[in-house]
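The next block holds one structure in the form of structure tokens; read it before the comments.
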Number of protein chains: 2
Amino acid sequence: MKKLYLKDIAKNLNVSTTAVSLVLNNKGDENKISQDTQQKILEYAKRHNYVANSLARGLSRGKSETIGLIIPNISDDHYAKIAGHIERKAKEYGYVVMYASSNKDPKNEAKLIQSMINRQVDGLILASTQHNSEDIELLKDNKLPFVLIDRLYPEIDTNYVVVDNFEGVQKATKHLLNLGRRKIGFVTLKPGLEAMRQRLLGYQEALKEFNIDPSDALVKELSNVDYKDEIKEALGELVRFPNSVDSIIFSTHYLTSLGLRELRRLNIKVPHEVAIVSFDELGAFDLVDPPITSIKQPGADIGDFSVDILMDEIQGNESGINKTRMLKPSLIIRKSCGAL
Amino acid sequence: MKKLYLKDIAKNLNVSTTAVSLVLNNKGDENKISQDTQQKILEYAKRHNYVANSLARGLSRGKSETIGLIIPNISDDHYAKIAGHIERKAKEYGYVVMYASSNKDPKNEAKLIQSMINRQVDGLILASTQHNSEDIELLKDNKLPFVLIDRLYPEIDTNYVVVDNFEGVQKATKHLLNLGRRKIGFVTLKPGLEAMRQRLLGYQEALKEFNIDPSDALVKELSNVDYKDEIKEALGELVRFPNSVDSIIFSTHYLTSLGLRELRRLNIKVPHEVAIVSFDELGAFDLVDPPITSIKQPGADIGDFSVDILMDEIQGNESGINKTRMLKPSLIIRKSCGAL
DNA sequence: TTGAAAGCGATACCAT
DNA sequence: ATGGTATCGCTTTCAA
């Protein structure tokens with residue numbers, strides 16, 4: 001089967017390439033191509049299974065019908081879920097998505113953005129994690145439509161879809177406080193990650209509302225690279241005198257997994273001795289012993305909304321659609337917090 | 001910042017576009033462009049942050065430096081992990097990846113393949129699930145290099161990277177048998193999925209080795225769409241007289257999760273009354289109560305090898321690299337099988 | 001209604 | 001060593 005090109009079909013049908021192109025792009029009517037010709041072309045194309053080379057089309061129209069997705073790590077539950085929804089939604093618009101993982105490295109991130117730009121993506125969804133605005137400049141310079149997820153820059157005007165990290169943790173912390181817990185530890189990652197900062201603030205705010213002084217000793221900020229090792233020591237310190245926490249909030253699902261393993265190793269009863277709450281979930285958290293109380297992010301909405309917004313930007317619609325979304329996470333109460 | 005094109009830099013430097021293109025593609029030396037000119041061009045390009053439009057380049061060279069990835073569902077743990085490795089590896093070759101989810105629908109799959117072809121991907125990694133070879137024909141017709149993962153066609157000559165589903169389940173089944181279990185249920189998805197068939201065969205083979213007649217009553221094949229409902233009934237039947245299984249193997253991680261929830265609802269003690277083993281893992285399976293014995297797939301290897309093979313194909317190397325790989329899954333023994 | 005022809009931005013062949 | 005220029009496949013303007 002030899003490849004069939006636009007000009008082949010024009011030649012074989014004795015019409016111009018213009019006609020063929022127009023008809024195949026559904027512009028036959030508005031350009032008053034006769035019904036006869038249209039039928040002929042359409043049929044021929046269908047019968048021979050013609051499809052345009054989208055590189056050529058893209059080059060010609062200045063549009064690739066591709067969007068880029070840059071996230072810390074596609075293998076992570078949270079991002080994988082979002083990626084799934086982004087793809088499904090993008091497909092509705094006839095778009096396909098290219099993804100790339102930044103591994104939380106800002107340098108990497110900048111490179112990836114540049115790479116996406118070269119590849120002429122029509123828009124970008126960026127789950128940048130570092131609070132670093134160079135990449136944003138890059139995008140603005142290139143006039144590339146984009147939507148931020150997982151992060152927002154209050155000081156810059158951007159489109160974004162984020163979850164309310166602050167409120168999520170605040171609610172969870174208050175939940176623990178209402179259950180009578182008073183020495184609440186907070187295990188998180190070092191700042192840089194804006195989302196992490198918000199989560200910490202939510203924790204501190206809740207404590208203040210209960211007139212408890214947030215103690216630095218109860219907050220453990222782990223390095224983004226060595227957290228697997230550091231968490232052991234951190235937990236050791238939290239459960240030992242003089243800290244002796246009665247509960248711990250982990251700021252992300254993988255810290256929860258790691259933490260729970262370590263608590264077991266230390267032979268600490270959850271939730272009896274130490275209650276725990278996780279920000280974000282892993283697939284089997286409801287089956288864990290004990291089932292993990294979690295702050296759940298609306299992954300589907302994050303994906304869907306970000307694509308909707310992006311498409312709106314790409315199409316240049318000044319439609320009424322909101323270009324920013326602050327979504328609410330929900331607290332799923334299970335046994336690990338000591339409530340049930 | 002106005003966009004800079006190849007011809008701009010040629011004009012500004014008073015050289016030909018040819019020279020610029022050659023130099024920028026590291027073909028300066030082999031084409032004997034003077035060092036002076038080369039320096040000039042390189043510097044100018046760097047200083048002005050020039051990068052080629054890859055659509056144009058792709059059109060011109062007939063290569064997009066993009067590979068396509070078609071999988072049932074990127075949100076699934078298993079595929080997300082593979083996708084991560086594929087991307088990392090592809091990046092090493094200067095490639096970027098486009099993904100699309102087929103949702104296990106063969107029609108969908110064919111469409112996606114066509115779409116990838118239109119988009120001029122240089123190669124395709126396909127985790128097709130249905131035993132349907134039309135898509136393979138499509139690929140061969142288009143002479144598009146591809147690698148199959150998760151499936152193989154013994155009768156067709158293709159590149160593939162698969163895990164030994166048969167042996168994995170066989171090993172797990174024998175493990176249960178060696179622990180004294182005799183009435184082993186098998187919960188899986190309806191055939192069509194080649195991998196699923198292999199798993200079933202592995203189960204049956206192990207039973208035979210122990211001189212046990214594989215009973216159809218102990219095998220529950222659920223529909224790909226309604227498995228969430230069907231599994232409840234299936235489990236009810238398995239644990240009730242006359243079946244009364246003493247153990248169950250679930251042929252995929254999400255069936256395990258669902259199944260475990262149902263067993264709990266039925267108040268059945270795992271592993272005491274019914275031991276369970278899962279094919280494939282979910283992130284927190286080691287934390288579940290009881291920790292789940294699982295047959296673990298080498299996701300990293302699947303991803304890495306498939307890209308290596310694909311790149312070899314794309315580059316047309318007739319190098320010695322093996323174009324097929326049969327990887328071994330490993331049995332991770334935890335408490336749910338009753339061993340510990 | 002239809003078609004010729006000029007792009008889109010880069011590559012690479014063929015001269016010089 | 002360097003430069004013109006045809007070419008990749010499609011879109012789109014403009015004239016007929």
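Everything quoted here is computed from the prediction, not taken from an experiment. So you know, we letter chains A, B, ... as the sequences are listed, proteins then strands, and number each from 1. Because only heavy atoms are used, hydrogens play no part in the values below, and waters and symmetry mates are left out as well, while side chains stay in.
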- Does any N or O in the side chain of A:Asn159 come within less than 3.5 Å of the main-chain N or O of A:Phe146, such that one atom is a donor and the other an acceptor?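 Yes; judged by distance alone, with no hydrogens or angles, the pair exists.
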- Task: Apply the test side chain to side chain donor-acceptor pair (under 3.5 Å) to residues B:Tyr5 and B:Asn53: give CA-CA distance (whole Å), side-chain angles for both, the deciding distance (0.1 Å), then the verdict.
- Result: CA-CA 8 Å; B:Tyr5 299 114; B:Asn53 175 327; over 6 Å; no
- Query: Heavy atoms, side chains only, cut-off 4.5 Å: are B:Lys63 and B:Ile314 in contact?
  - Reply: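 They are in side-chain contact.
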Atom pair distance, as rounded to whole Å: [atom1] in [X] and [atom2] in [N]:
| X | N | atom1 | atom2 | answer |
| --- | --- | --- | --- | --- |
| B:Gln120 | D:dG9 | CD | P | 9 Å |
| A:Lys11 | C:dA4 | NZ | P | 12 Å |
| A:Asn14 | C:dG3 | CG | P | 8 Å |
| B:Leu13 | D:dT2 | CG | P | 12 Å |
| B:Asp36 | D:dT2 | CG | C1' | 14 Å |
| A:Glu30 | C:dT2 | CD | P | 15 Å |
| B:Lys40 | D:dT2 | NZ | P | 8 Å |
| A:Lys32 | D:dA16 | NZ | C1' | 15 Å |

- Query: How does protein contact run along nucleotides 8-16 of chain C, one letter per nucleotide 5' to 3', with B for base contact, S for sugar-phosphate only, - for none, heavy atoms under 4.0 Å?
  - Reply: BBBBBB---
- Just do the side chain to side chain donor-acceptor pair (under 3.5 Å) check on B:Ser64 and B:Asp122 with the steps written out, would you? CA-CA 6 Å; B:Ser64 62; B:Asp122 293 345; 3.3 Å; yes
- Task: Check the pair B:Asp8, B:Tyr50 against side chain to side chain donor-acceptor pair (under 3.5 Å), reporting the backbone distance first and the verdict last.
- Result: CA-CA 10 Å; B:Asp8 295 327; B:Tyr50 169 80; over 6 Å; no
- Message: Assess whether a salt bridge exists between A:Glu92 and A:Arg88, defined as any Lys/Arg side-chain N lying under 4.0 Å from an Asp/Glu carboxylate O.
- Response: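 Not counted as a salt bridge, because no side-chain N and carboxylate O are separated by less than 4.0 Å.
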